[in-house]
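Report on the structure given below.
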Amino acid sequence: MFEEILQNVRLKKPLTHCITNYITTNDCANIVLACGASPTMAEAEQEAAEIASQADGLDINIGNLNSHTVLAMHRAIAAANQAEIPVVLDPVGAGASTYRMETLRDFFAQYRFSVVRGNVSELLAVGGAASNTKGVDAGAADAVTEENLQERVEFFKQLSAKLGAVVSVSGAIDIIASPERAYICRNGHPMMSCVTGTGCMLSALTAAYCGGNPDNILEAAAAATAAMGVAGDIAYQKTKEQGLGTGSFRVYLMDAISLMDAETLQGGMNVEIR
Amino acid sequence: MFEEILQNVRLKKPLTHCITNYITTNDCANIVLACGASPTMAEAEQEAAEIASQADGLDINIGNLNSHTVLAMHRAIAAANQAEIPVVLDPVGAGASTYRMETLRDFFAQYRFSVVRGNVSELLAVGGAASNTKGVDAGAADAVTEENLQERVEFFKQLSAKLGAVVSVSGAIDIIASPERAYICRNGHPMMSCVTGTGCMLSALTAAYCGGNPDNILEAAAAATAAMGVAGDIAYQKTKEQGLGTGSFRVYLMDAISLMDAETLQGGMNVEIR
Amino acid sequence: MFEEILQNVRLKKPLTHCITNYITTNDCANIVLACGASPTMAEAEQEAAEIASQADGLDINIGNLNSHTVLAMHRAIAAANQAEIPVVLDPVGAGASTYRMETLRDFFAQYRFSVVRGNVSELLAVGGAASNTKGVDAGAADAVTEENLQERVEFFKQLSAKLGAVVSVSGAIDIIASPERAYICRNGHPMMSCVTGTGCMLSALTAAYCGGNPDNILEAAAAATAAMGVAGDIAYQKTKEQGLGTGSFRVYLMDAISLMDAETLQGGMNVEIR
């Protein structure tokens with residue numbers, strides 16, 4: 001599973017256009033490079049459409065909006081839709097402010113997305129369900145557990161149908177759902193939530209993987225999540241062995257993505273299909 | 001000293017809203033996570049008040065102003081003051097430009113701050129004294145030394161009374177002053193000034209500690225400074241032993257904050273009360 | 001060669017004003033600190049001129065323009081030109097968008113630059129030659145090779161005469177050209193292109209070196225490139241020995257710049273003059 005997805009990224013080096021938040025943009029650019037793709041982070045309204053139309057994949061992250069970036073996002077998404085370039089949307093902090101919810105509503109009304117990726121609270125908010133988002137972090141009450149897993153899988157399959165997009169939900173248990181099929185991934189470590197931007201990085205990685213595999217979006221999104229999870233496992237192991245903390249964990253996470261190959265991924269991942 | 005301060009942060013996981021500069025915002029978010037709190041970095045004028053009013057602590061850093069962030073800061077501080085949420089102000093580069101001094105003047109005229117934290121040149125500028133600021137770094141002539149320490153302590157106690165805020169001054173010798181009492185901290189290493197954002201990170205950490213300890217602001221601010229200083233000592237030791245440079249030092253500094261507990265802090269800190 | 005250049009930076013600690021993109025600004029500030037200079041990253045139009053006129057060197061990087069930063073750049077460059085402070089221009093992504101080309105055209109029409117530093121695709125675009133830029137990365141077809149080296153050297157010497165600026169071109173083989181003389185540097189490793197911002201960092205380093213050596217711009221620019229290349233060699237060696245990836249490489253690159261001295265530079269660099 002996923003060998004071809006990874007190979008296509010390394011071979012095609014998809015140009016991945018990210019309009020994201022400035023908090024984690026450096027990590028997003030670095031993870032796109034680490035997986036073998038090429039990032040461009042242009043967000044000026046004057047050039048967003050021109051840059052997006054040259055790209056292979058587009059990552060839209062609403063973690064730090066302002067009126068200029070919102071305008072740039074509109075132009076970039078419209079250009080990507082017209083050129084049929086995959087678009088990944090990360091609804092960071094959905095539910096935390098009216099401004100974000102209104103921006104999302106506009107996006108869903110006007111554009112098509114290939115993947116919507118976020119934490120469970122954000123996706124619940126996108127889906128119109130009750131959500132316990134805390135700033136940009138998922139609320140504990142929303143977590144996907146072994147107990148509510150089947151129910152959550154059904155909910156996100158339906159949400160995928162409703163949005164016309166693959167829904168990629170990250171947490172202790174990840175769900176990557178199309179209307180018919182869901183990948184469930186049980187990799188990664190809680191330390192990933194002690195480093196800012198691991199979610200943003202996964203969205204950028206997903207856009208790079210989709211850019212390299214435009215005809216295989218569900219598998220590309222699932223592979224990105226699995227790769228990030230396995231990288232988290234590897235990074236945690238190294239950090240713990242050496243008695244280090246979150247600063248080193250972040251470095252080792254990037255290392256693991258840059259060293260990720262099909263064999264490492266296969267050997268480490270715990271993925272189920274429902 | 002400070003056991004309870006640290007414990008409250010780990011237990012309460014205070015939501016810490018930072019409106020800061022984009023140069024060091026990633027480090028600020030990461031240090032808030034490393035100490036056990038939860039960061040949100042929203043700075044759009046459209047949502048700053050809404051986000052701030054949900055937070056436990058607010059960090060305002062003027063290191064890279066523009067008219068939009070200044071407006072967002074006004075709204076966030078006003079909302080925090082109304083909700084009685086602690087606000088930490090970092091007057092980065094005060095004295096280096098007219099724009100920054102005017103912004104500060106507006107802030108002090110309209111709002112209450114719990115802590116004003118900066119380097120000695122910035123705090124001298126805030127206090128209306130002669131200041132030798134060099135860009136965003138303290139001028140050598142302004143340094144707190146064993147010789148001028150008592151005089152500086154008195155000056156900052158008076159400035160604390162004038163501002164109605166704890167004054168937290170960082171340097172080789174740190175002073176954290178209320179009108180009646182000052183903590184003096186002699187931890188940390190000059191290598192901290194060879195990494196950008198250690199000051200910004202300390203302000204974010206102070207906001208997180210205050211967010212977890214809103215009834216104990218002076219001790220929270222002193223504990224944050226002591227923790228940062230001890231982390232600097234630990235990081236320098238590791239960097240030196242391994243013959244590494246400022247890149248590794250920065251990683252080890254974050255590690256040390258993420259691993260900081262009451263025992264490490266007690267064992268390492270050199271704190272005096274005057 | 002270059003001993004005095006490095007020494008002047010460590011002694012003068014030039015205040016280096018960078019108006020750059022927010023993707024790599026943290027790395028730019030850190031590399032300025034690592035080489036012994038002092039960074040200030042102010043980009044508000046309200047203060048850009050005031051800050052620039054206090055600086056020893058100015059770095060202008062167009063990697064993420066918007067109308068506000070363009071205005072700030074105009075004011076800063078004008079102030080630096082008036083005060084005769086060296087200005088380094090990094091035309092990131094030149095050729096990738098009309099907006100960037102128009103901004104560059106305005107800059108060249110109105111101001112003097114000490115150094116224009118970029119990858120070969122960007123400099124070809126600046127020189128009006130056919131360019132195969134891919135987002136912000138150089139196109140493979142544009143690469144400087146042993147075969148086309150002499151031809152490229154002549155082209156960039158002529159471009160230097162035309163622009164009235166030293167032209168510093170980075171790649172597997174670096175060329176740093178004045179109208180009469182070119183330094184050719186064969187250091188560094190391809191892994192440098194797997195970390196975002198190594199080009200931006202080199203521009204900031206060049207501005208710091210020029211700030212410390214305003215009467216010796218060609219040598220300062222060449223020394224910065226040589227130092228970065230040698231640092232890349234050292235960082236790659238450590239990364240490979242330990243079986244690590246791009247995250248660690250980035251940390252070791254910063255370490256190597258912070259530990260760089262004349263002896264290390266002399267021992268490691270491979271520099272030729274034509």
Side-chain angles (χ1 to χ4, degrees), chain B residues 20-30 43 62-70 92-103 132-140 190-201 239-240 242-255, chain C residues 13-56 64 66-69 71-72 204 231 234-235 238 247-260:
Chain B
T20 176
N21 63 77
Y22 71 82
I23 300 118
T24 64
T25 184
N26 183 272
D27 291 325
C28 290
N30 270 324
E43 57 152 40
I62 68 161
N64 205 311
L65 298 175
N66 63 53
S67 49
H68 291 283
T69 48
V70 170
V92 181
S97 88
T98 313
Y99 184 43
R100 297 185 193 209
M101 288 311 284
E102 286 174 356
T103 302
N132 298 286
T133 202
K134 181 185 180 187
V136 297
D137 293 324
M191 197 177 258
M192 296 172 86
S193 64
C194 300
V195 171
T196 194
T198 46
C200 303
M201 289 159 75
T239 303
K240 196 185 155 194
Q242 303 179 292
L244 300 170
T246 56
S248 295
F249 175 77
R250 176 178 172 233
V251 173
Y252 289 146
L253 189 66
M254 194 64 80
D255 279 356
Chain C
K13 296 183 175 296
L15 183 61
T16 306
H17 182 192
C18 305
I19 305 185
T20 178
N21 64 76
Y22 70 83
I23 300 120
T24 64
T25 186
N26 183 271
D27 290 325
C28 290
N30 271 325
I31 206 164
V32 169
L33 284 163
C35 78
S38 175
T40 179
M41 318 301 279
E43 58 152 41
E45 61 217 53
Q46 292 89 337
E47 64 180 6
E50 190 178 358
I51 303 270
S53 63
Q54 301 166 29
D56 298 300
N64 205 311
N66 63 52
S67 50
H68 291 284
T69 48
L71 180 52
I234 294 170
K238 294 192 66 163
S248 294
F249 176 78
R250 176 178 172 234
V251 173
Y252 289 147
L253 189 67
M254 194 65 78
D255 279 356
I257 291 290
S258 77
L259 297 169
M260 186 67 62

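A, B, ... follow the sequence lines: proteins, then strands. Residue 1 opens every chain. What you see is a predicted model, and the numbers here were worked out from it, not measured in a lab.
Contact check for Pro39(C) versus Leu33(C): side-chain heavy atoms found under the 4.5 Å cut-off. Residues Val70(B) and Tyr99(B) form a side-chain contact, since some pair of their non-hydrogen atoms from C-beta on lies under 4.5 Å apart. Using a 4.5 Å heavy-atom cutoff, the side chains of Met201(B) and Met254(B) are in contact. Between Ser67(B) and Glu45(C) the shortest side-chain heavy-atom distance does not fall below 4.5 Å.
Contacts between Glu50(C) and chain B at a heavy-atom distance below 4.5 Å involve the side chain alone, from C-beta outward. At a 4.5 Å heavy-atom cutoff, the contact between Ile23(B) and chain C is made by backbone and side-chain atoms alike. Heavy atoms of Thr24(C) lying under 4.5 Å from chain B are absent altogether. Neither the backbone nor the side chain of Asn21(B) has a heavy atom closer than 4.5 Å to any heavy atom of chain C. Within the 4.5 angstrom heavy-atom criterion, no atom of Thr239(B) approaches chain C.
The pair Asp255(C)-Lys238(C) does not count as a salt bridge, with every side-chain nitrogen at least 4.0 angstrom from each carboxylate oxygen.
Most heavy-atom pairs under 4.5 Å with chain B: of the set Asn26(C), Val251(C), Ile51(C), this distinction falls to Asn26(C).
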